[in-house]
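Any value given below was found using the heavy atoms of this structure, including those in side chains, with hydrogens, waters and symmetry copies removed. Protein chains get the first letters and strands the later ones, always in sequence-line order, with residue 1 at the start of each.
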Amino acid sequence: MPPSASSDLTLSVNGEKYTLTVDHRTTLLDALRERLDLTGTKKGCDQGQCGACTVLVDGRRSVSCLQLAVAAEGREITTIEGVAEGERLHPVQQAFLDLDGFQCGYCTPGQICSAIAVIEEHAAGWPSAATGDVRPEAGPPPLTPEEIRERMSGNLCRCGAYVSIVQAVARAAEQKGAAA
Amino acid sequence: MTTATRDSVGTAHTRVEGRDKVTGAARYAAEVPFAELAHGWLVLSTVARGRVRSVETEAVLAMPGVLAVLHHHNAPRVDTDYVGLLGVPPDLTVALFQHDRVAHRGWPVALVVAETSEQAREAAESLVVHYEEEPHDVAFCAERQTEAYTRDSHAPAVVRKGDLEAQLAASAVVVDAEYTTPEEHHNPMEPHAATARWEGGRLEVVDSNQGTTWVAGELASLFSLDPASVRVRSEHVGGGFGSKGVRAHQVAAVMAATVLQRPVRVVMTRRQMFSLAGYRSPTAQRVRLGADADGRLRALEHQSLNQTSTVYEFVEPGAAASRAMYAADAHHTVNRLVRLDVPSPTWMRAPGEAPGSFALESALDELAERCGIDPIELRVRNEPAAGPVSGLPFSSRNLVACFEEGARRFGWSGRDPRPGARREGRWLIGTGTAAASFPAGVMPSTAAVTAEADGTFTVRINAADIGTGARTALTLVAADALGVPTDRVRVRIGDSDFGPAMIAGGSMGTRSWAWAVTAAAGELRQSLAPGAEIPPEGITVRSDTAEAVGALAQKERHSFGAQFAEVAVDPATGEVRVRRMLGIFAAGRIVNPLTARNQLVGGMIWGISMALHEEAVRDRASGGLYGADLAGYHVAAHADIPHIEADWVDDPDPDDPVGIKGIGEVGMVGAAAAVANAVWHATGVRHRNLPIRPDRVLMAGGDA
Ligand code: FES
Ligand code: FES
């Protein structure tokens, strides 16, 4: 290995700063799981095809297996371990729990992180492929089941918990709308 | 303690480990920390048949962090001359590095172990292996029938009743059709992962599997160890679907931990899973149905061919699915296999029934069309009073009740039977139905239930919760058997030290474990005198259901179901969309409606995925798969799946202490046929080859 094969860096994860030396080949996903012991973020494919490793980077969803840890310095990373408020679950987590939005649970952290971002993206007026009218003046489309399915399609669930996941995302979005 | 009877079984309960799973606290096999952990990376063959001439280890051993390279010259020896828990010899794919032969492309030829996974991966990818390549043969097709042979598996290969040809000759209507299903891969979201270490003279393995009794037993046999000196744990498992038994990763981890005397973790990559984790063999099937003009069956023939590897004989019993479904004067069912230079197939959700029901239930739909009878009425007319071949009574058979309830809820009665009659804009709309069934079995298990001094109860059973909700179901079962609320019961699973128990497989897990838990909890409840002091170590009662299970009378024992699907087909693009789906099941007593519904719907989604998406294509030139990953192999995603409903009719098993039958596979059975039958109804074209890809719809001419 050439002498410059690793670097010292500081990662900001769930509001905490971690200083560590990482091999340049280390992905953000492996840094979280193997170095910071934040194993809630899952590795389903390690090649950007399943969404199990989804985290929030500066508030936007992102597959952590496709980024190098060294490129994540200076970004605010939120993982599944950081979405609840202390003992109080995030509304998306609570809805997944109450409506059984999972079976084995392995895709779940990724689904939940993705869903949190979906609700934000929708509220911000971002259209999706399922949006009928994308003119800015049309305003945000209603977050229908079709919209949720389209926007969540980067997160595979082999157990096939899709029906209850969509219900959970809809419930959490509704609550957010009610609370706003 | 209270002795009031409670009704936890049958009441919706969120998963007891649910909070851990939604917060990321639940640790799966590759996530349990170990000090001094080393990482192993498997190296797979790049040829499909031949011999390993040399493994150039020197350069790799000089790479940073590399600790060892195991291969056929230096790996520990294993013993493969045994029969495991499930009554079968091992798949020799797990006898890693024992000789120089390569049996298929993706055959494990070496393991590189290093301090970090990055180092192990780069070294593994740098390892040069030279081969003596030999011509290979991976071409599976119906014509291979001629060189195929039969082999009895858990079911006999051939079953005959009556004079098939005479009955076919006497039939007013004959349907004779061939069906194919492709190679399909389980792809649980959590890749196979194991960490092995030696600790105080015992081998400890933290693994992701469907039964630690099973895997511990296999590892003990392979490495010639006293079974008591092997402990396998598997607390949270990210899906299995039949693929998570003993596999290359555990064996490699044990070998490396033995050689290096430190903990070693081996995780399969997603791409490696396509070679090492097993899969469902492609099938080529032929169904011949002979019937009177009113649809009454005289003859039912079902033949199914599957491939297997050169190192293991695996039968995908597609035709066995037809033995208990319909009355007919003559029955003939046969499963055959052909050996090719391919990886070993294995059980995959609804083995046999999933592909078999696609053929049989599609053929029934063709017969209904030919006879001009409603498909549901056709099935009602052919309801058997007893096992059609065995003559044994059914423990319970509520298939007709499922169709009646399903037809009512789906709105089947107003259906125009003519194909291609309904159009909405660019879409042709059709509806289809199919029957489902899966054997309801039970296997011996042991359990221990402890009354703790603080008034709570601890259940220890070597169950596996691979997403089925078994941990929660057993909590409800134990609570009822003890007569206490569920919050006083703690269920611990996934540890081979808890004693032998059935695996999570064959739709038999929850039933087998619940029986053992009920027996131990019931006896404990009896033995506890009201108000008696419980000593600090608690009072423990153990159960073993071997005798009770062995005493069960021979019957036809199955779960049943009726599947309904509505599809929209765009004849211009060939796109098929499932618009809604309903499944009504008669599957024993439902322990936890919340998780059961989820699991049944999950099975139906597997059926949609099988009908429309899944297909692993083997390249005849290289012997490997095209696009062996989740981009090249599409499993149903959110946008593919509409709202789906699953429900059930009352159908408690009279011979089970809790009334359970099993729901893991039946949700998938018949689902692909219901979709294919709906596509016919929409377009007038029969699709007998899965998946129903857009190009197939276009080539067939969708605009009937
Ligand atoms: S692990 Fe990152 S997308 Fe699959
Ligand atoms: S819950 Fe198992 S993969 Fe989604």
By a 4.5 Å heavy-atom criterion (distance strictly below it), what part of B:Ser609 contacts chain A: side chain, backbone, both, or neither? side chain
Structural part of B:His13 lying under 4.5 Å from a heavy atom of chain A: neither
Is there side-chain contact between B:Val601 and A:Gln103, with at least one heavy-atom pair below 4.5 Å? no
Validation row: B:Thr269, A:Asp46 side chains within 4.5 angstrom (heavy atoms): no
Under a 3.5 Å distance rule, please check whether A:Lys42 uses its side chain to pair with a backbone N or O of B:Glu190 as donor and acceptor. no
Taking 4.0 angstrom as the limit, do B:Glu118 and A:Arg35 come out as a salt bridge? no
Any ion pair linking A:Asp100 and B:Arg15 (charged N to carboxylate O, less than 4.0 Å)? yes
At a 4.5 Å cut-off on heavy atoms, which part of B:Arg265 comes close to chain A: side chain, backbone, both, or neither? side chain
Within the 4.5 Å heavy-atom criterion, are B:His643 and A:Gln167 side-chain neighbours or not? yes
For B:His186, which atoms come within 4.5 Å of any heavy atom of chain A: side chain, backbone, both, or neither? backbone
Which atoms of A:Leu97 approach chain B - backbone, side chain, both or neither, heavy atom under 4.5 Å: both
So, does A:Arg33 use its side chain to make a donor-acceptor pair with the main chain of B:Glu31 at under 3.5 Å? no
Is A:Ser164 in contact with chain B via its backbone, its side chain, both, or neither, using a 4.5 Å heavy-atom distance? side chain
So for A:Ala161, is it side chain, backbone, both, or neither that comes closer than 4.5 Å to the heavy atoms of chain B? both
If we only count heavy atoms from C-beta on, is the B:His638 to A:Gln111 side-chain gap below 4.5 Å? yes
Is the backbone N or O of B:Lys21 less than 3.5 Å from a side-chain atom of A:Thr108, with the two atoms forming a donor-acceptor pair by type? no
